[in-house]
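See structure below.
The structure displayed is predicted, hence computed values, not measured ones.
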Amino acid sequence: MRMSEYTAKDGTDELCTAALRMRRGIEHLDRDPLCARAFRVMNAAMHDQRARQVMIHTKADRPNDDEHAWRPFQMAFILLNLEGLTDAESPDRELADVLWFPTGGGKTEAYLGLIALTLSLRRLRGRPGAGGGVGVLMRYTLRLLTLQQFERASTLICALEKWRRAELPTAAPISIGLWLGQGATPNDVKTAAAVLRRSSGELGETDEGNPRQLLRCPWCGADLPAKCYDADTRRDVLVVRCSDELCEFRSGLPVHLVDSDVYRERPSLVIGTVDKFAMLPWQKNAGRLFSVDGEFDTPDLVIQDELHLISGPLGTLVGLYETAVDLLATGAARPKLVASTATIRRAAAQVHAVFDRTASQFPPPGIDATDSFFAVDSEPHERGTRRYVGVMAPNASAATLMIRTYAALLQAGAAIRDDEVKDAYWTLLGYFNSLRVLGAAFIQAIDDVRDRIMVVARQTGAEPRLVVEPRELTSRKKSTEIPIELDALATSYPDPASPDMVLATNMISVGVDVDRLGLMVVMGQPQTTAEYIQATSRVGRRHPGLVVTLYNAARSRDLSHYESFTSYHRALYRQVEATGATPFAPRALDRGLHGVLTAIARHTVPGAEADSAAEVPARASQLDAVRDAILARARSVAPESEASVSAALDDLSEAWEYAAADSAIRKYAGWRDPRGALLVPAGGNPWEADEPSLVDAFPVGDPPWPTLTSLRNVDRESALYLARARRRNSGQ
């Protein structure tokens with residue numbers, strides 16, 4: 001059979017398989033009355049969620065009665081996953097369904113529907129008061145993406161909780177929790193109370209860890225000032241109350257923003273960053289999210305957004321720690337896994353390496369690259385498209401090129417007469433590949449761009465546009481400031497608060513869903529095509545977008561991209577680089593295997609969840625079971641690494657056993673004192689400056705083991721010490 005024939009047949013088979021799975025989903029609704037009822041609840045909740053989002057966005061007084069419809073691919077994806085999600089015995093349960101759809105197409109609504117179906121069915125099937133525990137784990141890679149999706153998901157949770165109160169008052173409440181790393185949210189209520197007092201509750205006035213992550217009520221849109229955040233240290237709970245006395249949730253929103261609340265309440269939906277799962281070996285209460293105590297069912301659904309970002313060093317360690325996550329989340333059945341992306345290559349290999357599952361792409365590619373039935377290539381003049389323009393000035397500096405481009409575009413945007421169209425091109429979104437370049441551009445935008453606008457206006461005989469200082473969306477912004485920046489970015493013209501310029505780095509490459517934006521300037525070709533596509537897809541969602549890429553003639557890479565600009569952009573998605581992850585590579589084992597071993601043992605070995613790490617080796621059979629589970633994962637994902645993983649596990653188990661026998665370890669975490677600890681933070685020495693090897697030794701040997709507290713910034717670093725040599729008295 002010729003290759004072209006094989007490809008066509010293969011694509012047709014995938015289409016038929018997807019259609020068959022959708023039919024089975026419909027048949028499942030006919031067979032299972034509870035599932036059918038949950039399906040209706042999902043539709044009603046999603047309608048309420050959409051109506052509320054529109055009301056808040058348009059600042060209307062009440063939700064409109066307009067009909068809100070699914071896009072075909074969204075409903076198709078839900079039907080495709082319905083049997084595997086609701087029937088633990090279905091073979092579809094083991095698949096990782098990858099929603100591969102262009103940015104801005106509506107992927108979020110598709111898996112919000114799956115969340116609504118999962119949480120409502122969990123309560124419909126449960127006993128009175130049951131159905132609780134974490135039903136869905138939703139993981140992101142970037143804090144900006146996580147916080148924005150938290151706002152959208154909170155509206156859905158409010159709709160579901162309103163239904164639960166009316167229809168199933170004895171069932172477990174439906175709530176949402178935020179579980180973030182890097183100090184984005186407080187670890188306990190006491191810390192939250194101190195932060196709120198110190199900052200007077202105003203975002204951006206304090207260090208990281210401010211619990212005030214919602215600016216508006218996700219149900220009615222009322223402002224949520226600091227007084228709405230009640231950190232009750234006596235009851236050890238943080239309650240967020242809506243400021244509107246007529247709101248359904250005036251007594252408390254179903255949201256949990258403090259780690260201690262998340263561990264105690266076990267929210268129905270937990271949204272977190274992937275690096276937070278590095279805390280599993282450190283935090284004894286983290287196992288409660290997986291219901292390892294048996295009080296509730298384990299999670300039914302795991303959602304991994306922006307799959308293409310789970311690659312490189314981050315993807316490698318996420319894949320290694322996924323060994324623990326997958327095992328802890330598996331109870332009577334393995335949870336259903338759903339992922340989404342718009343830019344990825346070799347997805348099947350990556351899914352197998354990170355999640356140990358078979359990937360199934362939706363929509364299937366079919367036989368025509370421009371038409372998958374659910375998505376068709378748009379014409380340039382249609383909404384939701386982008387035009388790319390490349391600009392290079394060999395005889396001018398990069399700064400001059402940027403200043404003149406910014407000035408021309410800003411002045412041209414002000415000349416548009418139609419306010420709706422003007423809004424799309426009023427805010428210029430500037431994209432930069434580094435903070436260093438952005439910092440210089442910030443100063444130029446304040447002074448030089450303003451001066452150049454005067455020149456452009458004089459040449460065209462128009463009134464010069466008055467621009468204010470640009471706003472910024474970068475990693476320099478605190479987590480508490482991000483909601484403010486996103487709120488400003490979404491403010492439409494002619495509101496005076498609508499920004500003229502917003503300068504950003506790759507922090508906005510994923511997750512920024514502001515459909516009013518239509519104008520972007522990219523300073524220099526980004527490092528990867530995937531990043532280029534993701535960043536430029538932030539514009540052109542409501543109106544056709546314009547992307548101007550500025551190339552530096554002094555850089556050979558920029559020059560090459562400029563020379564091949566047309567051919568490169570005609571086949572942009574074909575240029576996406578392959579991603580990869582190697583969870584059981586030797587250096588990955590050095591950095592993280594002991595953390596995975598500790599995480600599984602601490603949360604599965606009876607009695608090991610307490611603070612005494614010395615109890616685990618005494619239960620040799622259970623520890624052997626943990627070792628076998630890790631080894632089975634390695635055998636499935638990377639068979640060639642089985643021997644090295646087995647040897648490393650033997651060494652770790654033996655070191656743990658000997659340390660316990662010698663009474664060298666008593667506790668798990670040595671945050672401030674390594675004595676008697678099994679784990680100490682890796683990457684720094686908080687105790688003795690003379691002993692840097694204590695926390696930087698890889699591979700690990702005898703406890704205490706230097707263990708990651710985050711899966712980011714995992715590249716090895718070398719400490720440099722300057723020593724002054726002493727002169728010896730030679731007697732000469």
Whether Glu109 and Arg71 form a salt bridge (side-chain N of Lys/Arg under 4.0 Å from carboxylate O of Asp/Glu) is what I want to check. no
Determine whether the side chains of Ser120 and Arg164 contain a donor N or O and an acceptor N or O closer than 3.5 Å. no
What are the two closest heavy atoms between Ala634 and Val645, and how far apart are they? CB-CG2, 3.9 Å
Can you confirm whether Gln49 sits close enough to Met46 that some side-chain heavy atom of one is under 4.5 Å from a side-chain heavy atom of the other? yes
Look at the side chain of Thr323 and the backbone N and O of Leu320, then say whether any donor-acceptor pair between them is shorter than 3.5 Å. yes
Any side-chain heavy atom of Arg125 within less than 4.5 Å of one from Asp32? yes
Sorted by chain and residue number, the side chain to side chain contact (heavy atoms under 4.5 Å, CB included) partners of Thr330 (sequence neighbours excluded) come out as Asp326, Arg334, Pro335
Could you pull out the closest heavy-atom pair between Leu34 and Leu124, with the gap in Å? O-CD1, 3.7 Å
Evaluate side chain to side chain donor-acceptor pair (under 3.5 Å) for Ser646 paired with Arg627, printing each intermediate quantity in order. CA-CA 8 Å; Ser646 179; Arg627 176 188 176 280; 2.8 Å; yes
So, Gln283 side chain and Asn285 main chain: donor-acceptor pair closer than 3.5 Å or not? yes
Going by heavy atoms in the side chains, are Trp163 and Asp48 under 4.5 Å from each other? no
State whether Arg24 and Glu27 are salt-bridged, where the test is any N-O pair (Lys NZ or Arg NE/NH1/NH2 against Asp/Glu carboxylate O) under 4.0 Å. no
Rounded distance (nearest 0.5 Å) linking atom CE of Met22 with atom CD1 of Ile26: 8.5 Å
Taking all non-hydrogen atoms of both residues, which atom of Leu280 and which atom of Ala599 are closest, and how far apart? CB-CB, 3.8 Å
Test Phe249 against Val255 for side-chain contact (heavy atoms from CB on, under 4.5 Å), laying out the working first. CA-CA 11 Å; Phe249 301 98; Val255 300; over 6 Å; no
Can we say Lys107 and Asp305 salt-bridge, meaning some charged N sits less than 4.0 Å from an Asp/Glu carboxylate O? no
Got a donor-acceptor contact below 3.5 angstrom from the Ser360 side chain to the Asp97 backbone? no
Side chain to side chain, Leu314 and Leu309, heavy atoms closer than 4.5 Å: no
Please check if the side chain of Glu161 supplies one atom and the backbone of Ile174 the other of a donor-acceptor pair under 3.5 Å. yes
Using a strict 4.0 Å threshold on nitrogen-to-oxygen distance, state whether Asp87 and Arg31 make a salt bridge. no
Is the backbone of Phe150 close enough, under 3.5 Å, to the side chain of Ser154 for a donor and an acceptor to pair up by distance? yes
Run the salt-bridge test on Lys276 and Asp259 with the 4.0 Å N-O cut-off and return the result as yes or no. yes
In terms of relative ring orientation, are Phe77 and Phe362 parallel, tilted or perpendicular, with 30° and 60° separating the classes? tilted
Backbone N or O of Asp92 within a donor-acceptor pair of the Lys336 side chain at under 3.5 Å? yes
Could you go step by step and tell me if Leu137 and Trp179 meet the side-chain contact (heavy atoms from CB on, under 4.5 Å) rule? CA-CA 10 Å; Leu137 285 170; Trp179 199 45; 6.0 Å; no
For the pair Arg235 and Asp230, find out whether any cationic side-chain nitrogen is under 4.0 Å from an anionic carboxylate oxygen. no
Is Trp671 reaching over with its side chain to a backbone N or O of Pro681, donor-acceptor style, under 3.5 angstrom? no
Given side chains that start at C-beta, do those of His28 and Cys35 come closer than 4.5 Å, heavy atoms only? yes
Examine distances only and state if a side-chain atom of Trp656 and a backbone atom of Ala613 form a donor-acceptor pair shorter than 3.5 Å. yes
Test side-chain contact (heavy atoms from CB on, under 4.5 Å) on Leu114 and Ile78; report intermediate values, then the result. CA-CA 6 Å; Leu114 291 176; Ile78 292 171; 4.2 Å; yes
Can you see which heavy atom on Val239 is nearest to which on Ser251, and at what distance? CG1-O, 3.9 Å
Under 6.0 Å between ring centres, would you say that holds for Phe73 and Trp100? no
Nearest heavy-atom neighbours spanning Arg264 and Asp236: NH1-O, 3.0 Å
Just by modelled atom types, is the Trp219 backbone N or O under 3.5 Å from a matching donor or acceptor in the Arg52 side chain? yes
Quick one: pull up CG in Leu99 and CG in Asn81 and give me the separation to the nearest 0.5 Å. 9.0 Å
Distance col, row Phe290:CZ vs Leu327:CG, nearest 0.5 angstrom, shows 10.0 Å
Leu678 and Thr598, any side-chain heavy atoms less than 4.5 Å apart: yes
Are more than 12 heavy atoms from other residues, nucleotides or ligands located less than 6.0 Å from atom CZ of Arg23? no
Charged tip of Arg266 within 45° of Phe296 ring normal and under 6.0 Å: no
What do the steps show when you test Leu301 against Leu117 for side-chain contact (heavy atoms from CB on, under 4.5 Å), and what is the final call? CA-CA 10 Å; Leu301 176 64; Leu117 179 67; over 6 Å; no
Just how far is it from atom OG1 of Thr273 to atom CE of Met138, taken to the nearest 0.5 Å? 13.5 Å
With sequence neighbours left out, the residues meeting side chain to side chain contact (heavy atoms under 4.5 Å, CB included) with Asp300 are Arg93, Thr118, Arg122
Just verifying a value: how many Å separate Ile176 CD1 and Leu253 CG, rounded to the nearest 0.5 Å? 11.0 Å
In this structure, CD1 of Ile157 is separated from CZ of Arg152 (nearest 0.5 Å) by 14.0 Å
State, to 0.1 Å, how close Leu112 and Leu156 come at their nearest heavy-atom pair, and which atoms those are. O-CD2, 3.3 Å
Non-hydrogen side-chain atoms of Tyr668 and Val616 separated by less than 4.5 Å: yes
Close side-chain approach of Cys242 and Cys228, heavy atoms under 4.5 Å: no
Check for a donor-acceptor pair, side chain of Gln74 on one end and backbone N or O of Gly106 on the other, with a separation under 3.5 Å. yes
